[in-house]
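This report refers to the structure that appears directly beneath it.
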Amino acid sequence: MLDIKKIRENLKNIEQSLAKKDKDITLNKIVEIDKNLKTLVSKLNNLQAEQNNKSKEIGIMKSKGEESEDLFSDLKKLSEEVKLLEKEEKKISLSLKEELLQIPNLPHSSVPIGISDQDNVVKVKCDKKKDFNFLPKNHIDLGKNLDILDFETAAKISGSGFPMFKGKGALLERALINFMIDFSLKNYGYTEFFTPFMVKPDSALTTGQLPKFDEDMYYIEKDDLFLIPTAEVSLTNIHKDEILKFEDLPKYYLGYSSCFRREAGSYGKDTRGLLRVHQFNKVELVKFVEPSRSYEELEMLVNQAAEICKLLELDYRIIELCTGDLSFSAAKCYDIEVWAPGESKWLEVSSCSNFEDFQSRRGNIRFKNNKGKVEFVHTLNGSGLATPRIFASLIETHQKEDGSISIPVALQPYLGISEIK
RNA sequence: GGAGGCAUGGCAGAGCGGUUGAAUGCACUGGUCUUGAAAACCAGCAAGGGUGCAAGCCCUUCAGAGGUUCGAAUCCUCUUGCCUCCGCCA
């Protein structure tokens, strides 16, 4: 959520900045509501002050045993007027908030300007991809031949778009999760969480999934709960409505979760295999930091996630998203993609974003700075990483001509084997 | 699912329907004392909004939403969360 004060003070700049993300956004309505609200509030405040004073007078008189009918009837009228204005004020500030919640975050000045993913910038290139002296198979065929993936049965149970890992495949999936958790835990000082997978609408509002993207999430109507599309939602809301201590920052949180996405609107895209599924596994990294350090923290976060790709011996590249491809809540974002030689495609396995104070404002997550002033924290998050695509890239990259898979050294302790055949 | 209890500042914990944004303690910050520290003593210490150069002044907020009243932390209703007991259950 943007700061209404900043909108008031820098309307032109903010509009220009928003246009880089989406040229159709307009702030006219917000500015108008804000103006109305301001005049109403100052009128209301004056009346409230009068009411407070007179009520106190009555209190004093009563304690002296005096009575005044005039004052009573005066106040009766006044209080009716105040109540009316209070209702109006509530209505207007609610509508202002509703409007503000629809406006995306401003892109950071360093973000390359562009309209679509065509304009993204490759920041870290993959110089040469792994050579094969045979035609590499895709993960669907590999998985079937090795009997480690079973999409047909998953479809029978749950419908299309749900992966099912079997035998060594299930072991590999579990190993990847554990490996990734341990990696970030041991090397970067994170606190591990195992969070709820279902959240209240309010929590999804904090991180920006609501109110605009409710169609992307699974919703349990009976209990008014959403299945999380990422552990980011649960992790970020840990400090909702709190004031953190300056000395407690930065906070590094990590959590594994299943992630649930309806993928509405992407029908026909990547319908086969592990590339786009309704349920997947991901280790998510979330940071709460003081504002001055958030961009430094973002660079650290991407590098950390990329390190995992290296250890898994995958070909990867880091993409800097352009303004037009940036998500609703992000001020700046890097994607990490790994190469899947069987699919002959780059697969997005991580997205590392700085949200600045966009989410913290929505979730009211603040800290007391070293001068004792309360400020909004900056939040960041990054996948570290998402498994099903890593799984696909991994078995495609490390396949041998006979169809077996060699397991990267870093992962071997987690499987207890060095190959799947 | 049924029955009951509770919800106040960073924490603990008072609070008769009327100068209560809220006693007190702890924590924290500054000061006195001390070679230094501790202890003791003194002072300060909620957030948001408005206005002002500033000091300040005004408004809102005692889980949330409604209601009663001239006036609500205090009374009523609903919701949510926590605790206790019963039922069910991995």
Side-chain angles (χ1 to χ4, degrees), chain A residues 1-9 30-31 33-101 194-206 210 220-226 234 237-249 251 258 288 290-291 357 359-377:
Chain A
M1 195 162 66
L2 300 184
D3 185 358
I4 184 67
K5 268 196 253 171
K6 285 206 180 113
I7 294 179
R8 243 178 248 154
E9 287 158 14
I30 286 175
V31 171
I33 296 175
D34 180 50
K35 256 185 211 156
N36 291 339
L37 185 63
K38 256 192 108 168
T39 46
L40 184 76
V41 164
S42 73
K43 192 173 161 193
L44 174 63
N45 282 356
N46 289 337
L47 287 180
Q48 283 169 325
E50 196 185 334
Q51 189 187 28
N52 288 343
N53 282 332
K54 289 194 173 161
S55 284
K56 271 179 197 164
E57 268 179 54
I58 289 185
I60 294 166
M61 286 170 75
K62 270 227 161 145
S63 68
K64 290 180 188 161
E66 296 166 19
E67 297 272 336
S68 165
E69 286 304 317
D70 286 356
L71 210 47
F72 266 141
S73 63
D74 253 24
L75 267 172
K76 179 99 184 161
K77 264 187 240 157
L78 192 59
S79 100
E80 269 160 21
E81 198 175 347
V82 166
K83 262 178 202 157
L84 217 70
L85 286 186
E86 273 173 349
K87 262 186 194 144
E88 186 71 9
E89 189 268 339
K90 246 174 211 165
K91 218 173 85 189
I92 297 181
S93 42
L94 198 74
S95 75
L96 180 65
K97 187 169 183 194
E98 269 168 16
E99 291 295 325
L100 278 171
L101 286 171
F194 211 122
T195 68
F197 291 179
M198 287 186 238
V199 296
K200 298 192 271 192
D202 235 25
S203 301
L205 191 91
T206 301
L210 290 181
I220 319 271
E221 193 170 3
K222 209 168 179 179
D223 300 288
D224 194 24
L225 290 169
F226 288 92
S234 313
N237 279 286
I238 286 173
H239 293 301
K240 184 171 159 58
D241 292 321
E242 288 182 16
I243 299 177
L244 303 170
K245 287 183 187 150
F246 177 73
E247 57 269 27
D248 289 344
L249 297 181
K251 281 183 181 287
S258 288
F288 301 83
E290 56 174 301
D357 63 1
Q359 294 181 327
S360 58
R361 201 177 285 282
R362 289 170 161 248
N364 199 27
I365 307 169
R366 297 172 293 172
F367 77 106
K368 204 165 248 183
N369 68 21
N370 49 2
K371 287 178 189 133
K373 260 201 87 174
V374 175
E375 282 187 70
F376 288 105
V377 298

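Lettering of chains follows the sequences in order, A, B, ..., and the numbering in each one begins at 1.
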Can any side-chain N or O of S360(A) pair as donor or acceptor with the backbone N or O of V377(A) at less than 3.5 Å?
yes
Donor-acceptor contact below 3.5 Å, side chain N369(A) vs main chain K373(A):
yes
Verify the contact: side-chain N or O of [X] to OP1 or OP2 of [N], cut-off strictly under 4.0 Å; return yes or no.
X: R8(A); N: rG50(B); result: yes
X: N45(A); N: rG49(B); result: no
X: S79(A); N: rG71(B); result: yes
X: K368(A); N: rC45(B); result: no
X: K38(A); N: rU51(B); result: yes
X: K56(A); N: rG18(B); result: no

What does [X] touch in the nucleic acid at a heavy-atom separation under 4.0 angstrom: a base, only the sugar-phosphate, or nothing?
X: V374(A); value: sugar-phosphate
X: K87(A); value: sugar-phosphate
X: K83(A); value: base
X: K90(A); value: sugar-phosphate
X: N52(A); value: sugar-phosphate

Across all strands, who's sitting opposite [N] as a Watson-Crick or G-U wobble pair, both distances under 3.5 Å?
N: rG21(B); result: none
N: rA43(B); result: rU29(B)
N: rC78(B); result: rG64(B)
N: rA37(B); result: none
N: rU84(B); result: rA3(B)
N: rG71(B); result: none

When the [atom1] atoms of [N] and [M] are considered, how many whole Å apart are they?
N: rC57(B); M: rC70(B); atom1: C1'; result: 25 Å
N: rU19(B); M: rU61(B); atom1: P; result: 15 Å
N: rG71(B); M: rC82(B); atom1: P; result: 35 Å
N: rU51(B); M: rA63(B); atom1: P; result: 30 Å
N: rA3(B); M: rA14(B); atom1: C1'; result: 30 Å

Looking at K200(A) and L225(A), what are the two nearest heavy atoms and their distance?
N-CD2, 3.9 Å
In whole angstroms, how far is the [atom2] atom of [N] from the [atom1] atom of [X]?
X: L85(A); N: rU60(B); atom1: CG; atom2: P; value: 13 Å
X: K54(A); N: rC58(B); atom1: NZ; atom2: P; value: 17 Å
X: D224(A); N: rU80(B); atom1: CG; atom2: P; value: 11 Å
X: D241(A); N: rG48(B); atom1: CG; atom2: P; value: 13 Å
X: N369(A); N: rG10(B); atom1: CG; atom2: P; value: 16 Å
X: I4(A); N: rG48(B); atom1: CD1; atom2: C1'; value: 15 Å
X: M61(A); N: rG71(B); atom1: CE; atom2: P; value: 16 Å

Upstream residue (5' side of RNA chain B) when R366(A) and A49(A) are each assigned their closest nucleotide:
R366(A)
Assign each of Q51(A) and E86(A) to its nearest nucleotide of RNA chain B by heavy atoms, then name whichever residue's nucleotide is nearer the 5' end.
E86(A)
Using distance alone, with no hydrogens and no angle criterion, decide if E86(A) and Q48(A) have a side-chain donor and acceptor under 3.5 Å apart.
yes
Does a salt bridge link E50(A) with K54(A), judged by any charged N lying under 4.0 Å from a carboxylate O?
yes
Report the C-alpha separation of N237(A) and V199(A) in whole Å, then their side-chain angles, then the decisive distance to 0.1 Å, and conclude whether the side-chain contact (heavy atoms from CB on, under 4.5 Å) test is met.
CA-CA 10 Å; N237(A) 279 286; V199(A) 296; over 6 Å; no
By ring pair (Phe, Tyr, Trp, His ring centres under 6.0 Å), F288(A) pairs with (sequence neighbours left out) H239(A), Y253(A)
